[in-house]
Amino acid sequence: MTRSLATRRPVLTDPIGARIEAMWLLLRQQDGDLGVPLASFQHRVDEVLSGGEPPRSLEALDRLVLPDLYLVLGCLAGNDRAIRLFMQRFGTYLTRLCQRYAPTGAIAEDVEAQLVATLFTPRQVDDPTSARLYAYRGAGTLQGGCGSRRGASSSTCCGASARRAMPAARPARGPGRRHDAQLEVSHATRLLTPVFTECVAELSEADRALLRRYYRDGDVLREIGADLGIDTSSVFRRIGQARDKI
């Protein structure tokens, strides 16, 4: 009977898998349950290791920053605890980064909200891997991966700055060219305004109000989210969806 039980006992043949599981248990104790099942954690780590040199080795595993990778998976899963923990650890850094590259405090706040939203929210609804944080593979610290100068000065930040600070159109140089460019813009505006108005009219009142607050009134995502009782990521996603409809 004893021998029969012994033969059924599983034999550990994967030290890397055992190390990953042990780290997952430790991280759950340290940071709490961030909505990351063991299978998901193992799959992501194996995915990272399979693309490294050398592939799937204990040495490669030891070089990964697994606490940050665990936190990222929780954020991508939309876990509230993970997102709060992320902001506690990196919020101050992101704020200073955006203040450094934004011309005014109001723009910096908007830029930060958009940057955070794009970190967690997929840029394509049907592709969860399109969220910026998904690109993080644990090869370095999460701070360096989520808040670089490139990220702060990306199209998201430029768009937020342009929405508040840039003119609607930049005329060409020279009196004659400037006049021609203004005529072209005026003509295009007359043609497109009825079409644009019709498209906007097909949106729900909630979407129209959201776009008015963001594009016309200049309210930042955090203000809108506080009024609606939702987080900035949800506001950013709703604005993008309404814009895509138009």
Side-chain angles (χ1 to χ4, degrees), residues 5-98 112 115-152 154 231-234 236-237:
L5 290 174
T7 57
R8 294 184 210 169
R9 184 175 301 165
V11 179
L12 181 62
T13 58
D14 184 9
I16 296 178
R19 181 82 63 84
I20 295 173
E21 181 176 357
M23 192 63 187
W24 177 79
L25 291 170
L26 178 62
L27 291 171
R28 279 176 60 92
Q29 293 177 355
Q30 292 178 349
D31 295 338
D33 183 3
L34 302 186
V36 183
L38 174 59
S40 299
F41 187 68
Q42 287 178 324
H43 176 75
R44 180 56 174 163
V45 175
D46 276 334
E47 185 180 51
V48 171
L49 291 176
S50 65
E53 292 291 341
R56 209 175 189 280
S57 64
L58 285 172
E59 293 78 11
L61 178 62
D62 290 338
R63 288 195 293 268
L64 297 179
V65 187
L66 293 181
D68 284 354
L69 194 58
Y70 176 69
L71 178 60
V72 163
L73 292 177
C75 291
L76 293 175
N79 184 270
D80 291 337
R81 180 185 179 90
I83 294 175
R84 287 196 302 268
L85 189 59
F86 177 91
M87 294 307 299
Q88 289 173 5
R89 293 180 180 176
F90 306 108
T92 301
Y93 170 76
L94 293 177
T95 298
R96 292 175 178 172
L97 183 72
C98 293
E112 181 187 355
L115 178 58
V116 171
T118 57
L119 289 174
F120 305 144
T121 307
R123 284 166 284 182
Q124 301 176 19
V125 179
D126 58 346
D127 182 12
T129 65
S130 62
R132 288 180 183 271
L133 274 184
Y134 192 85
Y136 178 73
R137 300 175 62 84
T141 63
L142 181 54
Q143 176 171 301
C146 72
S148 63
R149 173 178 179 176
R150 179 181 177 183
S154 65
D231 56 48
T232 54
S233 297
S234 299
F236 181 81
R237 184 167 54 251

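Residues take their numbers from the sequence shown, with the count starting at 1.
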### Query
Which distance, rounded to the nearest 0.5 Å, do you find between the CZ of Arg137 and the CG of Leu49?
9.0 Å
### Summary
When Leu25, Val45, Asp14, Leu64 are each screened for side-chain contact (heavy atoms from CB on, under 4.5 Å) with Ile20, the one that passes is Val45
### side chain to side chain contact (heavy atoms under 4.5 Å, CB included) assessment of Val72 paired with Tyr134
CA-CA 8 Å; Val72 163; Tyr134 192 85; over 6 Å; no
### Message
So, using side-chain contact (heavy atoms from CB on, under 4.5 Å) as the criterion, who are the partners of Gln30 when residues are at least two apart?
### Response
Leu26, Leu27
### Message
With salt bridge (Lys or Arg N to Asp or Glu O under 4.0 Å) as the rule and sequence neighbours excluded, what pairs involving residues 18-27 come up?
### Response
Arg19-Asp62
### Task
Look only at the side chain of Asp68 and the backbone of Thr141, and say whether a donor-acceptor pair between them is shorter than 3.5 Å.
no
### Message
Quick check: do Thr95 and Phe90 have side-chain heavy atoms less than 4.5 Å from each other?
### Response
no
### Message
I need the minimum non-hydrogen distance between Ala131 and Leu119, along with the two atoms involved.
### Response
CB-O, 3.7 Å
### Task
Drop me the distance from His43's NE2 to Leu73's CG, to the nearest 0.5 angstrom.
10.0 Å
### Query
Does any pair with a residue in residues 69-92 pass side-chain hydrogen bond (donor to acceptor under 3.5 Å, both in side chains), and if so which ones, sequence neighbours excluded?
Asp31-Arg89
### Message
Using the side chain to side chain donor-acceptor pair (under 3.5 Å) criterion, which residues pair with Ser40? Sequence neighbours excluded.
### Response
none
### Query
Between Gly74 and Ala82, what is the shortest heavy-atom contact and its length?
C-CB, 3.5 Å
#### Entry: For the student: nearest non-hydrogen atoms of Gly35 and Ala77, plus distance
O-CB, 4.1 Å
### Message
Is the shortest side-chain heavy-atom distance between Leu66 and Trp24 below 4.5 Å?
### Response
no
### Task
Kindly write out the residues that satisfy side chain to side chain donor-acceptor pair (under 3.5 Å) with Arg96, not counting sequence neighbours, or none if the list is empty.
none
### Query
Is there any salt bridge (Lys or Arg N to Asp or Glu O under 4.0 Å) pair reaching into residues 35-44, and which pairs are they, with sequence neighbours excluded?
Arg44-Glu47
### Task
Kindly indicate whether the side chain of Pro37, heavy atoms from C-beta on, has any atom under 4.5 Å from the side chain of Gln42.
no
### Query
Tell me, do Tyr136 and Leu71 make a side-chain contact under 4.5 Å, heavy atoms counted?
no
